[in-house]
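This report concerns only the one structure given below.
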Amino acid sequence: MNTSNAMGLDPLARALSLAAALFTATLVFAQTPAPAPTDAALEARVKALTSELRCLVCQNQTVADSTSPVANDLRDQVRTQLAAGKSEDEVKNYMTDRFGDFVLYKPRFKATTFALWAGPFIALAFAGALLVRRLRKTSAAHQAAVLTDVDRARARALLQDDANPNETKK
Amino acid sequence: MIPELGHFALVLAFFVCLASAGIAGVANLRRGVAMVEFTRNATVALFGLVLFAFVCLMIAFIKGDFSVLNVATNSNSLLPVQYRISATWGSHEGSMLLWVLMMSGWSAAVALFSKQLPDVMVTRVLVVLAVITSVFLAFTLLTSNPFERLIPAAQEGRDLNPLLQDPGMIFHPPLLYMGYVGMSVVFAFAIAALWGGKLDSTWARWSRPWTIAAWIFLTVGIALGSFWAYYELGWGGWWFWDPVENASFMPWLVATALIHSLAVTEKRGAFKAWTVLLAITAFSFSLLGTFLVRSGVITSVHAFATDPRRGVFILAFLVVIIGGSLTLYAFRAPKVNSGGRFGLLSRESFLLGNNVLLVVAAGTVALGTLYPLFTDAFGKKISIGPPYFDLVFSVIMLPLVALMGIGPLARWKEDESQSVLRRMLVPGVAAVLAFVLCATLAPRFSAMACVSFAFAAWLLCGIVDGYRDRLRHASGLTSTAAKWKQIPIAYHGMQIAHLGVVAFILGVTAVKSFEQEYDIALSVGQSKSVAGVDIKFLGVSDVPGPNYNAKVGKFSVSKEGVELRTLKPERRFYASNRAMPMTEAAIDRGLRRDIYVSLGDDLGGGSWTVRVHYKPLVNWIWLGCVIMALGGLLGALDPRYRRARQTAALKANNVVGAD
């Protein structure tokens with residue numbers, strides 16, 4: 001019974017890994033660089049980048065969203081620099097050199113933000129491992145608890161003799 | 001005089017609360033007596049007193065009594081009456097009073113609608129609730145008295161923050177607080193169960209409707225807040241991962257996990273200890289949120305350090321509640337029979353997976369919200385915003401949606417992998433199809449959009465499959481109508497709630513991937529064409545409001561020469577705060593898309609900066625939330641389920657009586 005079960009799980013596992021592979025593939029695909037910049041493409045880049053920058057004079061608002069004069073200036077700054085051929089990272093460096101890490105809504109991956117970036121995934125892996133262990137245990141117990149005719153007879157006897165309900169097995 | 005009456009009522013409420021918790025609590029602990037009538041009456045009296053205090057504060061606001069500090073800081077003689085009413089909870093002090101009102105309201109509801117529960121259970125639940133209420137009453141009275149006098153009285157009030165002068169303010173906070181505070185009922189049921197050492201499926205059955213009720217309020221409250229932010233803030237965003245938003249989202253995530261876990265505990269007797277832990281966690285997150293929002297720690301760790309009274313109070317309570325309940329849990333939980341065996345491939349396993357993902361998601365939100373506070377404490381300021389949360393959160397949510405599609409199709413206890421695979425076939429094909437359709441038909445290719453649409457199709461197909469399965473397996477019935485009638489309402493509730501998730505995913509994805517935004521300068525007579533619609537600027541006029549002057553722009557929206565409607569975005573200059581004009585966006589709403597226009601600055605010479613957004617399917621986001629809440633409502637109202645509750649209660653009464 002156990003082996004048939006393991007065999008049965010195989011196609012499921014294969015389907016899941018295929019789905020995972022497809023998913024990863026699309027993510028990689030999404031990272032292919034944009035075509036030669038036209039005006040619209042530049043605007044899209046400006047929009048994307050300013051969506052990651054904090055408007056420092058506003059209350060929790062991105063530079064892209066804000067209409068404050070400071071944000072307008074920063075947007076123009078980003079546009080000029082990108083148009084001049086600077087990369088996104090270079091513009092971000094320019095910003096952090098002036099305003100510190102506070103300006104980035106998406107903190108960089110470094111020692112001080114290691115827990116921030118790794119935390120959710122470590123938690124997910126840990127919880128997942130715990131879950132699988134727990135499920136294995138429960139399912140082993142379940143396999144062991146599959147009722148035989150003898151068990152059934154015993155259960156019936158116990159149910160009739162309900163003097164000590166705490167000891168009845170569920 | 002009226003504020004003093006209110007203050008007095010609040011003090012009295014505190015002592016009633018203390019007496020109720022103390023007397024009934026000790027009586028139960030020492031002698032095992034259930035003083036149920038006493039606690040019931042005390043709880044209703046408590047609610048009456050807090051309501052009285054609340055009405056007193058409201059009267060002070062409506063009358064514009066500027067000799068009350070709270071009124072003088074948060075109201076103004078020009079403020080329209082509906083906003084004077086909502087200003088009652090517009091300040092920190094008022095929010096706390098609203099919190100206590102909701103808390104005592106929930107307690108009174110438990111006192112009144114728990115006739116079928118055993119006396120000892122009701123007593124314990126009410127005692128736990130009274131303890132929590134008394135702490136919050138003490139907090140309000142000692143650190144945030146809403147009735148504090150201002151002598152001499154101010155001539156004029158400073159006014160309610162103009163951002164809050166909106167119908168959203170009337171409904172959003174009460175609904176959100178209902179949900180937020182409702183977690184305390186869930187918590188009280190869990191603690192009462194641990195107290196008695198009896199964790200069983202009857203306990204799950206009793207706390208389930210309360211959990212769902214609180215969850216419904218939380219869902220609607222959060223959605224309304226998002227809807228409000230969308231039109232009020234003027235830049236078209238609907239969720240900002242702002243700490244204040246996160247504060248309500250964390251309990252929502254855990255409550256969602258809890259609803260699912262309670263279902264398993266109720267139906268299969270499994271996950272008992274885990275369910276209790278979730279109930280404790282849900283309330284802890286709701287307290288953590290209160291701490292974040294109410295202590296001022298969010299604006300800056302240093303602001304918190306300069307006036308730490310409020311923060312320290314809540315933090316201490318947070319530590320006591322979490323520490324105390326976890327200790328109780330540690331003592332009691334190992335004795336709980338884990339019960340309910342199930343196979344590796346079963347609906348139980350899928351639901352456990354759901355729980356793990358939701359809890360990790362809540363933990364992630366907590367991490368992202370608290371992390372800047374930690375680094376700030378070490379002298380390094382960083383920001384964590386939408387780009388971080390969007391990325392990490394979607395990685396956790398996609399597997400959850402995948403589970404959501406197959407979980408309801410799997411059998412309880414044990415399923416065959418072949419049959420699960422077979423059921424995954426149709427949703428799987430639908431998902432691939434949706435991906436391909438999105439990749440070929442969408443205005444521009446977006447991998448994220450196609451993946452999301454694929455998941456939505458998967459989920460939708462799973463829902464349809466679930467119904468087909470139900471109809472096929474309804475035994476002994478021939479007509480489809482009869483089979484349909486046999487499906488329990490709670491099942492419809494689940495499927496409708498999941499359908500809400502589909503609508504939500506579609507809305508979020510469409511907006512995120514295909515929205516268009518234009519920041520442009522328009523002169524009178526010029527127009528801008530967006531997504532097949534022409535928006536023509538007709539000019540700006542001055543329109544006075546009750547406590548502001550507005551510049552009202554006029555735009556005609558037309559499609560292929562046919563005028564659809566006129567949009568009138570405003571820029572309001574409030575008398576109390578002329579320096580900070582408020583933008584009031586004008587929106588042409590529709591199921592397919594919103595056209596969102598907000599008026600910017602006057603550039604001179606009849607030219608204005610204008611922001612135009614095209615937001616495809618944006619209303620599906622909130623529609624999805626409303627559908628989820630409706631599903632919850634059906635789940636809570638299942639009559640079959642209420643009958644079961646009554647018979648279970650009868651049985652439990654007998655058992656407790658025999659103890």
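For an aromatic pair to be called close, the ring centres must be under 6.0 Å apart, and Y388(B) with W241(B) fails this.
For a residue to count as touching a neighbouring chain, one of its non-hydrogen atoms must lie under 4.5 Å from one of that chain's; by this rule L391(B) touches chain A with the side chain only. Only the backbone of S66(A) comes within contact range of chain B, judged by heavy atoms closer than 4.5 Å. Neither the backbone nor the side chain of F126(A) has a heavy atom closer than 4.5 Å to any heavy atom of chain B. Heavy atoms closer than 4.5 Å to chain B are found in the backbone of A64(A), but not in its side chain. Only the side chain of L131(A) comes within less than 4.5 Å of a heavy atom in chain B; its backbone stays farther off.
For R136(A), the CZ atom sits in a loose shell: 12 or fewer heavy atoms of surrounding residues, nucleotides or ligands are nearer than 6.0 Å.
For the options A127(A), A44(A), G128(A), G100(A), heavy-atom pairs under 4.5 Å to chain B are most numerous at A127(A). Note on N355(B), L352(B), D390(B), I384(B): by heavy-atom pairs under 4.5 Å with chain A, the leading option is I384(B).
A donor-acceptor pair is defined here as one N or O able to donate and one able to accept, closer than 3.5 Å; such a pair exists between the side chain of S383(B) and the backbone of F102(A). R347(B) places a side-chain N or O within donor-acceptor distance of the main-chain N or O of A410(B), the cut-off being under 3.5 Å.
Salt-bridge formation is not detected for the pair R571(B)/D602(B): no Lys NZ or Arg NE/NH1/NH2 atom is positioned less than 4.0 Å from an Asp or Glu carboxylate oxygen.
For the pair D601(B) and T609(B), the tightest heavy-atom approach, listed with the atom from each and the gap, is N-OG1, 2.7 Å.
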